[in-house]
Number of protein chains: 2
Amino acid sequence: MQDRSADLRELLESYMRENSLKKTRQRDVIFDTFVSLEGHTTIDGLLARVKLVNASVGYATVYRALKLFVGAGVARVQRFGDGQALYEAAELDEHHDHLICNQCGRIFEFEDDVIEERQETVARALGLRLTHHRMTLWGECMDKAECQKHVGS
Amino acid sequence: MQDRSADLRELLESYMRENSLKKTRQRDVIFDTFVSLEGHTTIDGLLARVKLVNASVGYATVYRALKLFVGAGVARVQRFGDGQALYEAAELDEHHDHLICNQCGRIFEFEDDVIEERQETVARALGLRLTHHRMTLWGECMDKAECQKHVGS
DNA sequence: GTGGATGCAAAGACTTTGCAGCTTC
DNA sequence: GAAGCTGCAAAGTCTTTGCATCCAC
C-alpha cells in the first residue's frame with residue numbers, strides 16, 4: 001500500500017511537472033486523503049475527510065483536484081447509477097471490475113483474466129484496438145444474514 | 001423486428017394492467033417512436049421524434065414514459081460518460097454489451113457467451129447470484145479512414 | 001512578478017416534481 | 001366520478017465555471 005501510494009504520487013507529480021501545474025497545500029491534503037481511502041468515494045465524502053485536516057478547503061478545489069487526478073491517471077470515475085460520481089484511486093498495472101449487491105449495496109471488486117482476454121478478442125473482431133473497459137455486475141448476496149448487516153451502510 | 005416490438009408492447013401492457021396504469025395517446029406515440037429507433041436515444045432525441053407526430057407532447061411526459069418503460073422492463077438506461085442518459089429498447093431474451101470508439105464515438109453492440117458464463121462464475125465465487133450486468137469497452141477503430149467518416153455523428 | 005490555484009457564489013446541464021386541468025376506465 | 005395522466009414551470013441534484021484574491025515558482 002505504501003508502494004502504491006508512492007507510485008501514484010510519482011505519477012501525479014510527473015504529470016504536474018509536464019504541464020507546469022503547481023503543488024499546493026490543498027492538493028497535497030486532497031491527494032493524501034484520497035489515496036488513503038479504500039474503495040470508492042464521492043466528492044462530498046472526500047471533502048468531509050479533507051476538512052478534518054484543513055477546514056478551509058472548498059468543494060470546487062476538491063472537484064478540480066479530482067479532475068486533475070483523473071487526467072493524470074491517478075484516479076478513475078464511475079457512475080454506477082444515479083447520483084454522484086464515485087472516484088477511486090487508479091490501479092497502476094492490474095485492473096479490477098465491480099460486483100454490486102442490489103440489496104445491501106456492497107461493492108465487491110474482482111479481476112478475471114479470462115474475461116479480459118476475451119474482451120480483447122471481441123474488440124479486435126469488431127475492428128477496434130481496446131483501450132479500456134468498464135464492467136459492473138449486479139446480484140444478490142446468497143448469504144442473506146450477512147447481506148442484511150450491510151444494508152444502507 | 002415486428003415480433004420484437006409486439007413482444008415489448010405485450011410486456012408493457014401487461015405491466016400496465018397489473019399496476020392499473022392508463023393507456024394514453026401520448027404513451028402510445030412515445031412507445032411506438034421509441035421502439036422504432038435503432039440503438040440509443042436521449043430523452044431530447046426521442047422527444048424531437050415524438051413531436052413530429054404530436055407536437056404538444058412535453059418533455060416531462062417523455063421522461064415519465066421512459067421511466068415507466070424501464071420499470072416495465074421494456075427499456076434500459078445507460079450513462080456512458082457525462083451528459084444525458086441514453087435509453088434503448090430492452091432485449092427480451094438475449095443481451096448485448098457495448099464497444100465505443102474513443103475517436104468517432106460509434107457504439108458497436110456485441111454479445112459473448114464466454115464472458116457471460118464467466119461472469120456467473122465470478123459472481124458465484126464471491127457469494128452472489130447474478131441478476132444483470134453492464135459491460136462497456138472503449139477502443140479505437142483500426143480502420144482510420146472509416147473512423148474519420150463518423151466523427152461527431 | 002506572473003501564471004496558476006483557491007473559495008465563493010453563481011451558472012449550467014439534466015433530472016425530477018408540484019399542480020391545475022384534462023383523460024381514461 | 002375517481003384514479004391516473006399531461007404540460008408547464010419550478011425545484012432539485014450535481015457538476016462546472018467566472019472572478020477577485022492568493023500563493024507557488
Side-chain angles (χ1 to χ4, degrees), chain A residues 9 12-34 40-48 50-72 74-87, chain B residues 12-34 40-72 74-87:
Chain A
R9 157 157 269 132
L12 176 61
E13 295 194 341
S14 71
Y15 177 88
M16 292 178 69
R17 245 176 277 123
E18 281 168 27
N19 297 76
S20 28
L21 302 176
K22 288 169 180 168
K23 202 164 181 315
T24 65
R25 218 169 312 111
Q26 290 89 333
R27 283 178 177 169
D28 275 348
V29 180
I30 296 170
F31 176 82
D32 288 341
T33 309
F34 180 62
H40 309 78
T41 183
T42 59
I43 292 185
D44 286 323
L46 180 55
L47 176 60
V50 167
K51 276 182 178 297
L52 296 179
V53 180
N54 181 342
S56 68
V57 174
Y59 180 96
T61 302
V62 174
Y63 167 79
R64 286 187 276 230
L66 247 15
K67 194 169 180 175
L68 162 66
F69 294 173
V70 171
V74 169
R76 305 211 314 151
V77 214
Q78 305 243 27
R79 288 163 181 277
F80 288 122
D82 315 300
Q84 301 180 66
L86 292 178
Y87 294 82
Chain B
L12 177 60
E13 296 194 341
S14 71
Y15 178 87
M16 291 180 71
R17 245 176 276 123
E18 281 168 28
N19 296 77
S20 26
L21 302 176
K22 290 170 181 168
K23 204 164 182 309
T24 66
R25 215 169 314 112
Q26 290 87 333
R27 283 178 178 170
D28 273 349
V29 181
I30 296 170
F31 177 82
D32 289 342
T33 308
F34 179 62
H40 309 79
T41 184
T42 59
I43 292 186
D44 286 323
L46 181 54
L47 177 60
R49 298 294 218 94
V50 167
K51 275 181 179 299
L52 297 179
V53 180
N54 181 340
S56 68
V57 174
Y59 181 96
T61 302
V62 174
Y63 166 80
R64 286 186 276 230
L66 246 16
K67 193 169 181 177
L68 163 65
F69 295 172
V70 171
V74 169
R76 305 211 314 151
V77 214
Q78 305 243 29
R79 288 163 180 277
F80 288 122
D82 316 298
Q84 299 181 65
L86 291 177
Y87 294 82

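Every chain is numbered from 1, with letters handed out A, B, ... down the list of sequences. Note that these values count all heavy atoms, side chains included, but never hydrogens, waters or copies made by symmetry.
Not a single side-chain hydrogen bond (donor to acceptor under 3.5 Å, both in side chains) links A:R79 to another residue, sequence neighbours left out. Partners of B:F31 according to the ring pair (Phe, Tyr, Trp, His ring centres under 6.0 Å) rule, which considers only residues two or more places apart in sequence or in another chain, are B:F69. Residues satisfying the side chain to side chain contact (heavy atoms under 4.5 Å, CB included) test with B:R64, not counting sequence neighbours, are B:A60. By the salt bridge (charged side-chain N to carboxylate O under 4.0 Å, His left out) test, B:D44 pairs with no residue at all, sequence neighbours left out. Residues passing the side-chain hydrogen bond (donor to acceptor under 3.5 Å, both in side chains) test with A:S20: none are found, sequence neighbours excluded. Remark: A:K23 pairs with A:D28 by the side-chain hydrogen bond (donor to acceptor under 3.5 Å, both in side chains) rule, at least two apart or across chains.
The distance between atom CZ of B:R27 and atom C1' of C:dT24, rounded to the nearest whole Å, is 11 Å.
Against DNA chain C, the stretch residues 52-64 of chain B makes heavy-atom approaches under 4.0 Å through B:Y59, B:A60, B:Y63, B:R64. Residues from residues 40-47 of chain A that place a heavy atom under 4.0 Å from any atom of DNA chain C: there are none. Shown for residues 15-23 of chain A: residues whose heavy atoms fall under 4.0 angstrom of DNA chain C, namely A:S20, A:L21, A:K22.
Contact of the B:V50 side chain with the B:F34 side chain is not registered, since no non-hydrogen atoms from C-beta on lie closer than 4.5 Å. With contacts defined as side-chain heavy-atom distances shorter than 4.5 Å, the pair B:I43/B:L66 qualifies.
For the helix from C:dG1-D:dC25 to C:dC25-D:dG1, the axis fitted to the five pairs at one end and the axis fitted to the five pairs at the other end meet at an angle of 30° (nearest 10 degrees).
Screening residues 45-67 of chain B for ring pair (Phe, Tyr, Trp, His ring centres under 6.0 Å) gives no qualifying pairs among residues at least two apart or on separate chains.
With a cutoff of under 4.0 Å to any heavy atom of chain B, the contacted region of DNA chain D is bounded 5' to 3' by D:dA3 to D:dC8.
Heavy atoms from other residues, nucleotides or ligands lying under 6.0 Å from CZ of B:R49 number 12 at most.
DNA chain C is contacted by both B:Y87 and B:R25; B:Y87 maps to the nucleotide lying nearer its 5′ end (nearest heavy atom per residue).
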